[in-house]
Structure formats: structure tokens, C-alpha cells
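Structure record follows, encoded as C-alpha cells.
These values consider heavy atoms only, across backbone and side chains, with no hydrogens, waters or symmetry-generated copies. It should be emphasised that the depicted structure is a prediction, and the values quoted were computed from it without experimental measurement.
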Amino acid sequence: MMKTFLLATAATALLSGTVLAADLPRRAPPPVFTPVPVFTWTGFYLGVNAGYAFTESDTIRTTGIGALQGNVNNNLRRPNVVVSQEGFSAGGQAGYNVQFTPGSGIVVGVEADAQYTDLQRTRTEAIFNPVLNPNVLTNSYRTELGFLGTVRGRIGYAFDRVLVYGTGGFAYGDVTQSVSFRTGAPVTYAGSRSSIETGYAYGGGIEFALPTESFLNFFRASAVTVKGEYLRYDLGSRNLFVANVGPAGTPGVGYNARFQTEGSIARAGINYKFGTY
């Protein structure tokens with residue numbers, strides 16, 4: 001009887017322990033680790049830009065042919081005329097970047113852009129020196145850069161979402177230049193040209209990638225970036241022949257005016273990056 005009682009007591013205790021264990025809270029499953037995506041600048045992008053364009057000291061240098069050099073020497077036709085310009089610029093760009101190591105690392109790319117430039121200047125002056133010429137001489141100069149485009153390489157270093165870079169390459173622009181000289185009322189010498197000129201551009205900038213859910217991400221791009229950039233352009237020097245166009249004009253007689261087309265653009269822009277990264 002005692003043996004039976006002990007076995008029954010042990011069985012009851014075992015069953016009670018099992019019931020209590022069933023009532024204990026269950027252990028939660030371990031959390032699933034999801035790695036945070038590392039940002040990369042690799043991908044195609046396009047965007048818009050706007051800024052301030054300016055030239056520091058564009059100078060038109062004039063020389064006379066033959067005896068007309070005397071007018072330049074006597075300052076009746078100015079040997080050097082400064083036609084500095086300033087205005088706004090606006091346009092767009094597209095490019096492609098490759099980052100070798102996601103996160104921080106070297107970034108290389110290529111970018112093409114084109115923008116309207118509000119760079120134009122007309123300068124007119126009247127010169128009266130009766131000792132040398134009894135007439136009022138009027139000299140007019142005009143220079144304009146209608147638009148500027150570039151195709152440039154870029155290389156920089158990314159600090160995660162911040163990219164610092166340098167850039168340089170090919171530049172082209174729509175250039176218009178003209179000069180007219182009057183002796184009294186009629187135009188006696190005139191010349192003009194309008195053409196696409198080529199040269200180079202270089203500069204640098206800094207770009208920052210905004211969070212993907214930024215309110216600026218209208219196009220559901222993989223990234224939206226904003227940048228500040230400085231570009232220096234040089235489209236070279238050209239001679240303009242200011243010919244004798246008076247009533248008794250003589251071929252080959254006139255002046256040579258040399259124009260230099262160079263300047264700077266400081267601008268801000270926004271880019272939309274597309275791709276799998």
C-alpha cells in the first residue's frame with residue numbers, strides 16, 4: 001500500500017509541474033536582422049541648375065591697319081575697351097557616376113550640361129578732339145554669350161552622402177561680337193560675327209544626397225542630390241575685321257578688334273539619380 005501511495009504522489013507532482021510549465025510565457029523568437037542599405041553614388045542622373053554668370057575683365061583690343069594705327073595711338077579709336085558682363089544662367093545637366101566602394105570612396109563620372117547665359121554688353125562712347133579731327137567720333141562695341149554647354153569628366157571623394165569633386169573638359173558657346181566706328185553721322189567702319197566657339201571649362205563643387213523620402217523626390221528617384229558648383233570657361237580669342245564701309249570704302253582698309261571670351265559661373269543644382277542602388 002505504501003509503495004502504491006508513493007507512486008501516485010510522484011505522478012501527481014510530475015503532472016502538476018507539466019501544467020505549470022505550460023502556463024509560463026513562451027520565449028519570443030529572435031529578431032530578424034535587416035542590414036541598413038549603404039548609399040552609393042553609382043548611377044545615371046539628370047537635373048536642373050541656376051546661378052550667376054560673370055566676366056571679370058573682358059577687353060577688346062583694337063589695332064589699325066596702316067595709317068589708321070595713328071587714330072589708335074591718338075586714342076580716337078580706343079586701343080583697349082573693357083566690356084565686363086554679369087547676369088544669370090539657367091539650364092540642365094545629365095551624367096553618370098561610378099563609385100568604387102559603397103559608403104566612402106572614390107567617385108568618377110561624366111556630365112554634359114547646357115544653359116542659357118544672360119551675358120551681353122554694349123558700350124558706346126563719343127570722342128571729340130578737334131585738334132586731331134573736327135568731327136565727333138562714335139565707337140560702339142557689343143559682345144554676347146547666348147548659351148554655354150560643356151562635356152566634362154568628374155572625379156571626387158564621397159564621404160557617404162557628401163561628395164566633393166573636381167571637374168574639367170570641353171566647352172562650347174554661341175558667341176556674337178560687333179564693332180562700329182562713326183566719323184560724324186555715317187558709319188565708316190563696321191564688323192560683326194556670330195558663331196559657335198569651342199574651348200574648355202574646369203571647376204569643382206560639393207554635392208549632398210538627401211533622404212530618399214525627401215519632399216523633393218517628385219519622380220520617385222533612387223536618390224535626390226543638391227549641389228553647389230563653380231565653373232570657369234574659356235572659349236578663346238578671335239580677331240574681328242572692322243572694315244571700311246563708307247561711301248568710298250576701300251577694301252582691306254580698317255581695324256582689327258580682338259575679343260576674348262571667358263568667364264565664370266557660380267550655380268546651384270538639383271539632380272535625380274536613377275538606378276538599382
Side-chain angles (χ1 to χ4, degrees), residues 49-65 68-91 114-130 132-150 171-199 201 231-247 249 253-267:
N49 68 76
Y52 172 66
F54 59 97
T55 65
E56 296 88 347
S57 57
D58 280 5
T59 301
I60 303 173
R61 306 184 187 281
T62 301
T63 57
I65 297 175
L68 294 180
Q69 180 60 32
N71 290 337
V72 177
N73 295 339
N74 291 318
N75 218 29
L76 297 176
R77 310 298 187 190
R78 304 291 192 194
N80 300 299
V81 177
V82 177
V83 285
S84 298
Q85 308 154 68
E86 60 180 354
F88 69 90
S89 70
Q115 50 271 312
Y116 165 78
T117 57
D118 183 33
L119 289 177
Q120 53 182 309
R121 174 81 182 274
T122 299
R123 175 171 175 174
T124 300
E125 58 183 10
I127 299 173
F128 180 57
N129 188 338
L132 298 175
N133 194 309
N135 301 294
V136 175
L137 277 64
T138 304
N139 305 329
S140 295
Y141 310 85
R142 178 174 174 78
T143 180
E144 178 180 358
L145 178 63
F147 74 83
L148 178 72
T150 71
Y172 62 96
D174 178 24
V175 178
T176 300
Q177 299 159 342
S178 66
V179 174
S180 67
F181 295 150
R182 294 176 181 267
T183 301
V187 175
T188 51
Y189 300 92
S192 64
R193 61 191 297 273
S194 182
S195 63
I196 302 296
E197 301 295 344
T198 60
L231 282 183
R232 176 75 181 176
Y233 66 87
D234 189 335
L235 302 184
S237 299
R238 298 291 184 274
N239 284 326
L240 175 66
F241 180 51
V242 186
N244 186 340
V245 295
V253 174
Y255 300 83
N256 283 317
R258 188 166 184 81
F259 288 78
Q260 175 73 29
T261 304
E262 60 180 345
S264 302
I265 297 178
R267 62 190 182 182

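- Annotation for V72 and P79: closest pair CG1-CB, 3.7 Å, computed over non-hydrogen atoms.
- Scanning both residues, N75 and I127, for their nearest heavy atoms gives O-CD1, 3.6 Å.
- In this structure a side-chain-to-backbone donor-acceptor pair under 3.5 Å is present from N133 to N135.
- Taking the six-membered ring where the residue is Trp, Y116 and F88 present tilted rings, their angle falling between 30° and 60°.
- The structure places CD of Q177 at 10.5 Å from CZ of R258, a figure rounded to the nearest 0.5 Å.
- Checked against side-chain hydrogen bond (donor to acceptor under 3.5 Å, both in side chains), Y255 has the following partners two or more places apart in sequence or in another chain: N71.
- When side chains are defined from C-beta on, L148 counts as touching I265, because their heavy atoms get closer than 4.5 Å.
- In this view, R142 and Q120, T122, E144, S178 satisfy the side chain to side chain contact (heavy atoms under 4.5 Å, CB included) rule, not counting sequence neighbours.
- A heavy-atom distance below 4.5 Å is not found between the side chains of R182 and S140.
- When all heavy atoms of L145 and T117 are compared, the pair lying nearest together is O-OG1, 2.6 Å.
- Taking the side chain as every heavy atom from C-beta outward, F147 and Y172 approach each other to under 4.5 Å.
- Here the shortest heavy-atom pairing between L68 and G254 reads CD1-O, 3.3 Å.
- Among all heavy-atom pairs drawn from R232 and S264, the shortest one is NH1-OG, 3.1 Å.
- At least one side-chain heavy atom of N256 sits under 4.5 Å from a side-chain heavy atom of F241.
- For E197, the side chain to side chain contact (heavy atoms under 4.5 Å, CB included) criterion is met by V175, R193, S195, L235, R238, not counting sequence neighbours.
- Between T55 and E262 there is no side-chain heavy-atom pair separated by less than 4.5 Å.
- Within the model, atoms CD of Q115 and CG of D118 stand 13.0 Å from one another, a figure rounded to the nearest 0.5 Å.
- Of all the heavy atoms in A53 and L119, the pair that sits closest is O-CD2, 3.7 Å.
- Under the 4.5 Å side-chain criterion, counting only non-hydrogen atoms from C-beta, R78 is not in contact with T62.
- Note: L76 CG to L137 CG = 5.5 Å, rounded to the nearest 0.5 Å.
- Considering only heavy atoms from C-beta on, D234 comes within 4.5 Å of Q260 through its side chain.
- Side-chain contact check for N139 versus Y189: every heavy-atom pair is 4.5 Å or farther apart.
- Between T143 and R121, the side chains place no donor N or O within less than 3.5 Å of an acceptor N or O (distance only, hydrogens not considered).
- In terms of modelled atom types and a separation under 3.5 Å, the side chain of S180 and the main chain of A190 share no donor-acceptor contact.
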